[in-house]
Structures are given as C-alpha cells and as structure tokens.
Amino acid sequence: MTDADFEYLRALLKSRSGLSLAPEKRYLVESRLGPVCRKHQIPGLAQLVQVLRGGRNSAIETEVVEAMTTNETFFFRDKTPFDIFRDQLLPKFAAARATQKRLRIWCAAASTGQEPYSLAMIVDEMKPRLGGVQVEILATDLADEVLAKAKAGVYSQFEVQRGLPIQMLLKHFKQEGEQWRISPAIKSMVQFRPLNLIRDFSALGQFDIVFCRNVLIYFDQPTKADVLRRMSNALAADGALFLGAAETVIGLTAAFQPHPEHRGLYVPARAQAPAAAPKLAASA
C-alpha cells in the first residue's frame with residue numbers, strides 16, 4: 001500500500017464515518033482490511049484501493065468503513081454511568097415527565113447492543129417506581145453488521161460474562177447451547193436504527209437522556225464540535241448527556257457544561273446548573 005493509497009483511505013473514512021485516522025495508525029488499516037481482501041479474493045490493499053477508487057462496489061466500501069470502526073462494548077461498561085442512570089436520572093425524569101408519561105433515551109453509538117440492553121434491564125427493574133412513565137430507548141449505529149447482531153440479541157458466553165451480573169443473566173437471558181438469547185420483553189424495549197452521526201439526525205426528534213460514549217474520541221475537533229452542537233439541539237433543556245471517561249466538551253462547545261460531581265455527565269448550558277447531586281449509594 002502506497003502513501004497515496006493510505007491517504008485515499010484516510011479521506012474515505014473521514015467523509016463516510018467521521019473517523020480521523022492518524023498517520024501512525026497505518027498498521028490498523030493493514031490488520032483490519034486484510035480480512036476484507038481475503039473475503040473478496042482481492043490480492044492486497046493496493047488492489048482494494050483500486051476497487052474503491054472505481055466507485056462501482058458500494059458494498060465493499062461499506063465493509064471497509066465498518067471494518068475500521070471500533071465496536072468495543074460490553075454490558076454495564078464502566079458501571080458508574082449506569083448507577084447514575086438508575087439511582088438519579090430515572091427517578092428525576094419520571095417525576096419531571098409525570099404529565100407527559102414519556103421518557104426518551106438515545107444510545108448514539110450502540111454497537112452490538114450491550115449498552116441499550118443494559119439500560120433496558122435497569123428500566124425494567126425500576127418500572128414500579130416510574131409512575132407509569134413509558135420509556136423509549138432508541139439505539140443507533142453506523143455499521144449494519146453490528147446492528148444486525150444487536151437486533152438478534154444473541155451473545156456468547158464470553159460476552160455475557162463481561163459486566164453482566166449473574167442475576168440479570170439468569171433473569172433476562174435464555175441459554176441456547178453455548179450462546180445466550182435476551183428475553184423478548186427486554187428486546188422489545190429497544191428500537192435499533194442505522195445512523196451516521198456526522199449526518200443530519202434532527203428527524204429523530206428530542207431526547208431526555210443521550211448516551212454517546214467512546215465515539216467522539218475517533219473524530220477530529222471540528223467534527224466533535226459539530227456533533228455536540230447538533231446533539232444539544234436534540235436534547236431537552238433539562239436533559240442529560242453521557243460521554244466516555246476520556247471525552248469532554250471543554251474547548252469544543254459552549255452548549256454543554258459538566259455536571260459538578262459526575263465525570264462524563266453533561267447538561268445543556270441553557271439550563272440552570274444542577275444542584276450538587278447526592279452521593280451515590282454503594283451498589284449491591
């Protein structure tokens with residue numbers, strides 16, 4: 001693969017997914033696109049780039065973008081955001097939305113579904129305390145392949161062992177050989193849709209809580225700022241935004257401000273800064 005080939009791939013990935021690929025990540029291109037070449041019996045990356053330049057095979061182009069997209073996820077990843085969601089945000093929004101009887105949550109980079117299903121299991125657990133408020137969970141991702149897995153709701157033994165409490169596994173999953181299938185009740189609580197964050201998403205409507213964790217780190221600064229600006233427009237004035245632990249809005253946008261106590265949690269700047277939230281109780 002020549003320098004020109006690599007630069008072509010960098011530009012393609014940036015335009016299609018927002019992924020900003022640093023020059024030192026060339027090895028990543030070679031390791032992740034090798035399987036695409038083998039699948040389509042393409043001799044090497046140079047020939048793959050020739051196919052892409054020809055512009056006649058959109059399916060391979062999509063496979064290239066999806067192969068380069070990081071889809072690392074697991075149930076209740078990082079734990080703390082889910083504790084805050086369960087112990088503070090759900091009770092707060094159930095009370096605030098008592099009249100509307102509707103609470104909307106968006107997982108903006110859902111990958112293979114562990115994050116939105118984790119939220120759904122918490123909502124199911126909290127249902128008696130929600131006062132009849134209906135919770136809608138929309139989960140989106142760029143990659144069709146991971147969305148198909150998310151919709152199926154079938155996970156390996158390794159996947160259910162990563163972060164999923166045993167009591168939730170036994171309650172919400174059914175074992176099928178060496179795999180585990182999530183229950184129809186939890187599965188029905190999540191709607192999955194394909195969506196590219198660098199494109200317009202205003203048609204999705206307004207949300208009360210948005211999880212957009214561990215995806216902005218792959219964008220350059222202007223793309224991050226643009227996504228955050230549009231996300232602020234999609235969030236209720238009293239809403240909440242979760243980013244990954246390594247992500248921030250500082251220096252990118254004035255539309256959000258950090259929560260005073262919880263790292264990774266942000267609120268719209270147009271809303272009054274929230275009072276200091278109570279300390280989280282230790283989880284069982």
Side-chain angles (χ1 to χ4, degrees), residues 1-33 36 45 48-49 52-53 55 58 60-73 77-78 81 106-112 115 139-147 193-204 207 210-235 240-258 263-269:
M1 180 174 60
T2 66
D3 290 344
D5 290 340
F6 179 66
E7 289 304 317
Y8 175 83
L9 289 171
R10 288 182 67 191
L12 173 68
L13 293 168
K14 178 69 167 57
S15 65
R16 283 288 308 272
S17 70
L19 177 63
S20 182
L21 195 65
E24 60 269 20
K25 297 292 186 179
R26 186 165 179 158
Y27 73 93
L28 201 60
V29 172
E30 295 170 345
S31 65
R32 292 192 178 180
L33 296 189
V36 177
L45 292 180
L48 176 62
V49 171
L52 295 172
R53 287 182 185 276
S58 59
I60 288 184
E61 184 176 293
T62 298
E63 285 186 47
V64 166
V65 173
E66 293 188 2
M68 292 302 302
T69 304
T70 300
N71 293 304
E72 168 68 7
T73 187
R77 183 179 182 181
D78 302 327
W106 178 22
C107 290
S111 187
T112 46
E115 180 177 82
T140 64
D141 200 275
L142 167 70
D144 292 335
E145 184 175 350
V146 297
L147 278 178
R193 288 177 57 178
L195 184 127
N196 189 335
L197 283 176
I198 68 172
R199 311 294 183 217
D200 176 41
F201 48 72
S202 59
L204 297 180
F207 297 90
V210 174
F211 280 73
C212 185
R213 303 170 63 224
N214 307 305
V215 61
L216 295 183
I217 54 175
Y218 300 106
F219 297 161
D220 60 20
Q221 297 295 89
T223 305
K224 291 177 184 179
D226 178 61
V227 171
L228 287 169
R229 175 187 60 79
R230 291 183 290 114
M231 203 158 274
S232 72
N233 295 332
L235 195 65
L241 168 68
F242 282 98
L243 299 181
E247 298 168 324
T248 183
V249 303
I250 297 173
L252 294 170
T253 178
F256 291 100
Q257 58 189 15
R263 182 179 180 184
L265 178 61
Y266 299 85
V267 296

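Position 1 is the first residue of the sequence; numbering continues from there.
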Task: salt_bridge(Arg230, Asp226) N-O dist < 4.0 Å - done: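 Looking at Arg230 and Asp226, the cut-off is met.
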How close do [X] and [Y] get, counting heavy atoms only, and between which atoms?
X	Y	value
Ala67	Val36	CB-CG2, 4.1 Å
Ala269	Ala254	CB-O, 3.1 Å
Ala4	Arg53	O-NH2, 3.5 Å
Ser17	Val65	CB-CG1, 3.8 Å

With the side chain counted from C-beta on, respond yes when [X] and [Y] share a heavy-atom pair under 4.5 Å apart, and no when they do not.
X	Y	result
Tyr218	Ser20	no
Leu12	Leu52	yes
Arg77	Asn214	yes
Leu19	Phe219	no
Leu33	Leu48	yes
Thr140	Pro194	no
Met68	Leu9	no
Leu197	Cys212	yes

Task: Between CG on residue Leu241 and CZ on residue Phe207, distance to nearest 0.5 Å - done: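 Leu241 atom CG to Phe207 atom CZ measures 12.5 Å (nearest 0.5 Å).
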Task: Gap separating the CG atom of Leu13 from the CG atom of Leu21, nearest 0.5 angstrom - done: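 CG of Leu21 is found 6.5 Å from CG of Leu13.
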Open item on the list: Under 6.0 Å from the ring centre and within 45 degrees of the ring axis: does the NZ or CZ of Arg213 meet both conditions for the six-membered ring of Phe242?
Closed with: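 Cation-pi check for Arg213 and Phe242: fails.
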Task: Arg263 atom CZ, over 12 foreign heavy atoms within 6.0 Å - done: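 Counting other residues, nucleotides and ligands, CZ of Arg263 stays at 12 neighbours or fewer.
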Task: Glu145 CD: over 12 foreign heavy atoms closer than 6.0 Å - done: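 Atom CD in Glu145 is not crowded, with 12 or fewer foreign heavy atoms closer than 6.0 Å.
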Open item on the list: Could you check whether any side-chain N or O of Glu247 sits under 3.5 Å from a backbone N or O of Ile217, counting only pairs where one atom can act as donor and the other as acceptor?
Closed with: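 Answer holds: yes.
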- [ ] Tell me yes or no: between the side chains of Thr2 and Asp5, is some donor less than 3.5 Å from an acceptor?
- [x]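 Yes, because at least one side-chain N or O of Thr2 sits under 3.5 Å from a partner of the opposite role on Asp5.
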